[in-house]
Protein chains: 2
Amino acid sequence: MDSKNRHELNPRVSADCVIFGFDLNQIKVLLIEREAINGVEQSMALPGDLIFEGENLDTAASRVLYELTGLDEIYLEQVGAFGDPNRLNNPKDQLWLKAVRQNPTERVITIGFFSLVNMNNYEPQPSSFAKSAAWIPLEDIDELAFDHMEILKASFAKLQHKIRIQPIGFNLLPHKFTLSQLHKLYEVILGRELDKRNFRRKMLKLNLVQSLEERQAGVPHKPSQYFVFNEEKYNELILHGFDNFGF
Amino acid sequence: MDSKNRHELNPRVSADCVIFGFDLNQIKVLLIEREAINGVEQSMALPGDLIFEGENLDTAASRVLYELTGLDEIYLEQVGAFGDPNRLNNPKDQLWLKAVRQNPTERVITIGFFSLVNMNNYEPQPSSFAKSAAWIPLEDIDELAFDHMEILKASFAKLQHKIRIQPIGFNLLPHKFTLSQLHKLYEVILGRELDKRNFRRKMLKLNLVQSLEERQAGVPHKPSQYFVFNEEKYNELILHGFDNFGF
DNA sequence: TTCGCAAAGTGTATATTTGACACAAAGCAT
DNA sequence: ATGCTTTGTGTCAAATATACACTTTGCGAA
């Protein structure tokens, strides 16, 4: 440690959320758009806010999520703390900070979270801390404000990892879904093909999904059966030492 | 969110380290001992320190580790941020804070890390922020200062999980070790027996360990062969999509 | 010197899981 | 009636996981 600066840090702390959605075809991320400053177009950013006195870290993240989307009781997981002293130092971000903050040079440490939502439950719209928001395909995102790209990457890595171990993918789907939709979800998250028959065999063997009588209607091909996620069964499996899906 | 208090948080931020060691028999954690205040015995605590201006989170954790143990280049991983507003609220901790801090009620958010060290490389001794330190068996720890028990639990869970995926266990062993030692390490971390022959077969097949000519000496039984960890081989395996050990 | 002790080291047989692969069934549109 | 598109299904071979017991080596005690 270079000891030239041993003043204790006294930063602001924020919570930033990577909100993942799935449109049955690709993974999308809910980003907020910042207005141009002096004609300079600003990068999009993760929704986030400073944490308040007396507020829990998780609570702050839930609040961000709620204020932005109106959604409650959403799957939410902490990814970690991000606090590189240089994280606010790129020119665009400096411009933006000068325009909107009282103290633009103050250090901010952020706690990153990711959450999984059913896209059908929310249509992007302006909110208290975003004039506008939009679902952006994960693939198309190559630049974000501050260190948000790093947070996004860490979040997606965690999602990829965790989906192989816990059945969190269901949070991205409607209440009832087809096995093909679930299959596609796993493929786009894991970034590789999974054999259809093997995928179904595995899923059905675990009994995590329960078939409904209902089938798709109005599709120009054989209609698919609908399924729902069986959470009880999952809890039961855990007790018996269930550990991963084997993907 | 109850909106009675919407002042933005402006806390101190600290880094606390769970330092794991392995004495060839059990997992131990390096804790610091706090002096009794007014005759009240204080719980032990994780080593940690406030983060400085201009200092990276990881750097702060490395510094804590270095100042406590003199060890450098140690395996270190962030576990997450912990910041429950009530985390400093138990009576013993309040007593202690009043005795040692200028501002004992100020909120502190801490970033938890865990690190893995070879116990042979360090003998507990006083340091700049601990009058004394000691290796305590993980099993015996049932109370710690602040929310350090929570950080410890999260850290150990992460260790248990990660050891099945990456060969980080080697950080806990001497440079050269026997397969029995490695086997025992996996057993105590995972908390269950692993069949000796199957364990060896798996490890040897991966080629992650390289046998030396040297064998144990002075033991009252068949002397074991020594091995070293082969990091190159590990990196090679990763490229080929190696993913987990299968434990 | 021999005997006993303690841990090291080794192979096989069985059950389970994975991975590869192709064609019939259903519904709609033309 | 035909064609198009997606659903839904079974088998076989290969790889992996699990269960299990005896010989070897070196030391120390008798």
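Everything quoted here is computed from the prediction, not taken from an experiment. Residue numbers start from 1 in every chain, and the chains themselves are labelled A, B, ... in the order their sequence lines are given, proteins ahead of strands.
The stretch residues 149-158 of chain A participates, sequence neighbours left out, in these salt bridge (charged side-chain N to carboxylate O under 4.0 Å, His left out) pairs: A/Glu77-A/Lys158. Evaluation of the salt bridge (charged side-chain N to carboxylate O under 4.0 Å, His left out) test over residues 135-144 of chain A, restricted to residues two or more places apart or in two chains, returns A/Lys92-A/Glu143. Under the salt bridge (charged side-chain N to carboxylate O under 4.0 Å, His left out) criterion, the residue pairs touching residues 220-240 of chain B are B/Lys233-B/Glu236, with sequence neighbours excluded. Identified under the salt bridge (charged side-chain N to carboxylate O under 4.0 Å, His left out) test for residues 171-192 of chain A, with sequence neighbours left out: A/Lys176-A/Glu214.
With no hydrogens or angles considered, a side-chain donor-acceptor pair links A/Ser132 and A/Glu33 at under 3.5 Å.
First and last contacts of DNA chain C with chain A, using any nucleotide atom under 4.0 Å from a protein heavy atom and ordered 5' to 3', fall at C/dT17 to C/dC28.
Look at B/Asp58 and B/Arg63 and you find no salt bridge, because none of the NZ, NE, NH1 or NH2 atoms lies under 4.0 Å from a carboxylate O.
Rounded to 10 degrees, the angle between the two end axes of the helix from C/dT1-D/dA30 to C/dT30-D/dA1 is 0°, with five pairs used at each end.
Every residue two or more places apart in sequence or in another chain was checked for a ring-ring contact (aromatic ring centres under 6.0 Å, His included) with B/Phe22, and none qualifies. Partners of A/Tyr122 by ring-ring contact (aromatic ring centres under 6.0 Å, His included), not counting sequence neighbours: none found. Listed by chain and residue number, B/Ser14, B/Asp16 satisfy the side chain to side chain donor-acceptor pair (under 3.5 Å) test with B/Thr110 (two or more places apart in sequence, or in another chain).
D/dA17 atom C1' lies 17 Å from atom CZ of B/Phe245, rounded to whole Å.
Residues from residues 193-205 of chain B that place a heavy atom under 4.0 Å from any atom of DNA chain C, listed by number: B/Lys196, B/Arg197, B/Arg200, B/Arg201. Residues from residues 176-185 of chain A that place a heavy atom under 4.0 Å from any atom of DNA chain D, listed by number: A/Ser180. Within residues 212-228 of chain A, the residues having any heavy atom closer than 4.0 Å to DNA chain D are, in order of number, A/Pro220, A/His221, A/Lys222, A/Pro223, A/Ser224, A/Gln225.
Closest non-hydrogen pair, B/Pro124 versus B/Ala133, comes out as CB-O, 3.3 Å.
B/His148 places a side-chain N or O within 3.5 Å of a backbone atom of B/Leu46 that can act as its donor or acceptor partner. Counting only distance, with no hydrogens or angles, the side chain of A/His183 and the backbone of A/Leu194 share a donor-acceptor pair below 3.5 Å.
The cationic atom of A/Arg34 (NZ for Lys, CZ for Arg) lies less than 6.0 Å from the six-membered ring centre of A/Phe146 and within 45° of the ring axis.
The 12-atom threshold is not exceeded at NZ of B/Lys205, counting heavy atoms of other residues, nucleotides or ligands nearer than 6.0 Å. Around the OH atom of A/Tyr234, the shell of radius 6.0 Å holds more than 12 heavy atoms that belong to other residues, nucleotides or ligands.
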